[in-house]
Amino acid sequence: FSLDASRFIYPTYRYYMEFKWLHLVDVQTWKEREFQLDGYRLDFLLGVDYHYEWRLNADGTKAYLFCENEHGGDSRKTLLELDLQTGKTRELESWGWRLALSPDGRYVVMLSGSTNDNSMTLARLHFLDVNTGAKERILRRFPGNGFDYPHRFVWLKPNLFAVSMEARRSREGNFVFIDLKEGEGK
């Protein structure tokens, strides 16, 4: 959904395992516009180490899509920007498996992470300025049992993120907070 909930997007498929159509719905009129994104897969596959996500910017004019680029027979993870007014696309560098947008539409933030040993989990926030292409990566370490990994995240405030840590060996998980002002994870 867009920030004001006036629009939302969703992918569909028409042929077996060919997810390449994106739909934009205006909630006020229920009019729908369809975009065909040949050469891209918009679905997610079970057993793959990342997930596909789709986000609208605040005013609902651009969509950011984690997808699989299948152009030229080489399948690779891609962040695709789709201008919902013109239908033009732009490929951006992709890291991680989860996606968030800044309220002003300037930054795309992607989450990745890992568990390196039995005592520590790493969480990475990858910032991409969509206008300039400038990149910045924030890395935070958290003590843990070695089986938790960053799973989802929410941009709470301009400098504060909440990250859910999913436990791989139990049903329990936890939250950590990344405060960019303090420069530390909690």
Side-chain angles (χ1 to χ4, degrees), residues 1-15 17-45 48 50-71 77-112 123-136 138 150-164 166 175 177-181:
F1 281 89
S2 59
L3 194 59
D4 65 359
S6 66
R7 296 172 156 200
F8 68 90
I9 56 176
Y10 68 95
T12 60
Y13 72 98
R14 298 236 170 91
Y15 308 105
M17 296 303 290
E18 191 175 36
F19 283 82
K20 65 178 185 178
W21 286 272
L22 183 78
H23 301 265
L24 170 67
V25 178
D26 183 317
V27 175
Q28 301 298 317
T29 64
W30 292 107
K31 288 186 180 178
E32 192 168 333
R33 183 171 177 198
E34 181 181 84
F35 299 89
Q36 184 173 336
L37 302 170
D38 291 324
Y40 298 97
R41 286 184 62 100
L42 301 175
D43 62 324
F44 69 91
L45 301 172
V48 176
Y50 56 91
H51 303 270
Y52 295 91
E53 286 198 330
W54 320 280
R55 295 283 182 261
L56 281 174
N57 65 351
D59 63 3
T61 58
K62 289 187 180 176
Y64 292 89
L65 314 150
F66 269 148
C67 59
E68 192 76 16
N69 181 335
E70 296 182 332
H71 287 102
K77 193 169 49 164
T78 300
L79 176 62
L80 190 67
E81 177 187 75
L82 171 63
D83 186 313
L84 297 169
Q85 296 168 332
T86 66
K88 291 184 180 181
T89 60
R90 177 173 67 141
E91 286 188 22
L92 302 168
E93 200 167 344
S94 172
W95 309 278
W97 53 81
R98 296 295 182 192
L99 180 65
L101 302 175
S102 63
D104 64 5
R106 183 173 174 191
Y107 293 99
V108 173
V109 179
M110 295 161 268
L111 173 71
S112 68
R124 293 176 201 90
L125 295 176
H126 306 270
F127 289 77
L128 174 66
D129 185 316
V130 296
N131 297 321
T132 67
K135 302 174 246 179
E136 181 179 0
I138 305 295
H151 184 63
R152 295 189 182 272
F153 75 124
V154 176
W155 201 331
L156 298 173
K157 295 180 181 179
N159 291 310
L160 185 64
F161 293 83
V163 180
S164 71
E166 186 168 317
F175 277 97
F177 295 91
I178 297 175
D179 187 337
L180 302 178
K181 278 186 179 179

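Quantities reported herein were computed from a predicted structural model and do not represent experimental measurements.
- One N or O on the side chain of Arg90 and one on the backbone of Val130 form a donor-acceptor pair closer than 3.5 Å.
- Under the 4.5 Å side-chain criterion, counting only non-hydrogen atoms from C-beta, His126 is not in contact with Lys135.
- Proximity of a side-chain donor or acceptor of Ser2 to a complementary backbone N or O of Arg7 within less than 3.5 Å is detected.
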Take Arg55 and Val108, measure what side-chain contact (heavy atoms from CB on, under 4.5 Å) needs, and give me the verdict at the end.
CA-CA 10 Å; Arg55 295 283 182 261; Val108 173; over 6 Å; no
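- Residues satisfying the side chain to side chain contact (heavy atoms under 4.5 Å, CB included) criterion with Asp26, sequence neighbours excluded, are Gln28, Thr29.
- Within the 4.5 Å cutoff, side-chain heavy atoms of Leu125 are placed close to those of Leu111.
- Between Asp179 and Leu160 the shortest side-chain heavy-atom distance falls below 4.5 Å.
- Using a 4.5 Å heavy-atom cutoff, the side chains of Leu82 and Tyr40 are not in contact.
- To the nearest 0.5 Å, atoms NZ (Lys62) and OG1 (Thr86) are separated by 8.5 Å.
- No donor-acceptor distance shorter than 3.5 angstrom exists from the side chain of Trp30 to the backbone of Glu32, with no hydrogens or angles considered.
- Ile178 places none of its side-chain heavy atoms less than 4.5 Å from the side chain of Phe153.
- The closest side-chain heavy-atom distance from Phe1 to Leu56 is not below 4.5 Å.
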Go through Asp83 and Glu81 one step at a time and tell me if the side-chain contact (heavy atoms from CB on, under 4.5 Å) criterion holds.
CA-CA 7 Å; Asp83 186 313; Glu81 177 187 75; over 6 Å; no
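- Using modelled atom types, no side-chain atom of Arg106 and backbone atom of Asn131 make a donor-acceptor pair closer than 3.5 Å.
- Rounding to the nearest 0.5 Å gives a distance of 9.0 Å between NZ of Lys77 and CD of Glu68.
- Leu22 CG to Leu84 CG: the interatomic distance, rounded to the nearest 0.5 Å, is 7.0 Å.
- To the nearest 0.5 Å, atom CG of residue Leu128 and atom CH2 of residue Trp95 are 5.0 Å apart.
- Annotation: side chain of Leu79 is not in contact with side chain of Glu93 (no heavy-atom distance under 4.5 Å).
- The closest donor-acceptor contact from the side chain of Asn57 to the backbone of Gly105 lies at 3.5 Å or more, if one exists at all.
- Taking CZ from Phe35 and CG from Leu65, the interatomic distance works out to 10.0 Å, rounded to the nearest 0.5 Å.
- For the atom pair Leu24 CG and Phe8 CZ, the distance stands at 9.0 Å (nearest 0.5 Å).
- The side-chain heavy atoms of Tyr107 and Leu101, taken from C-beta on, include no pair separated by under 4.5 Å.
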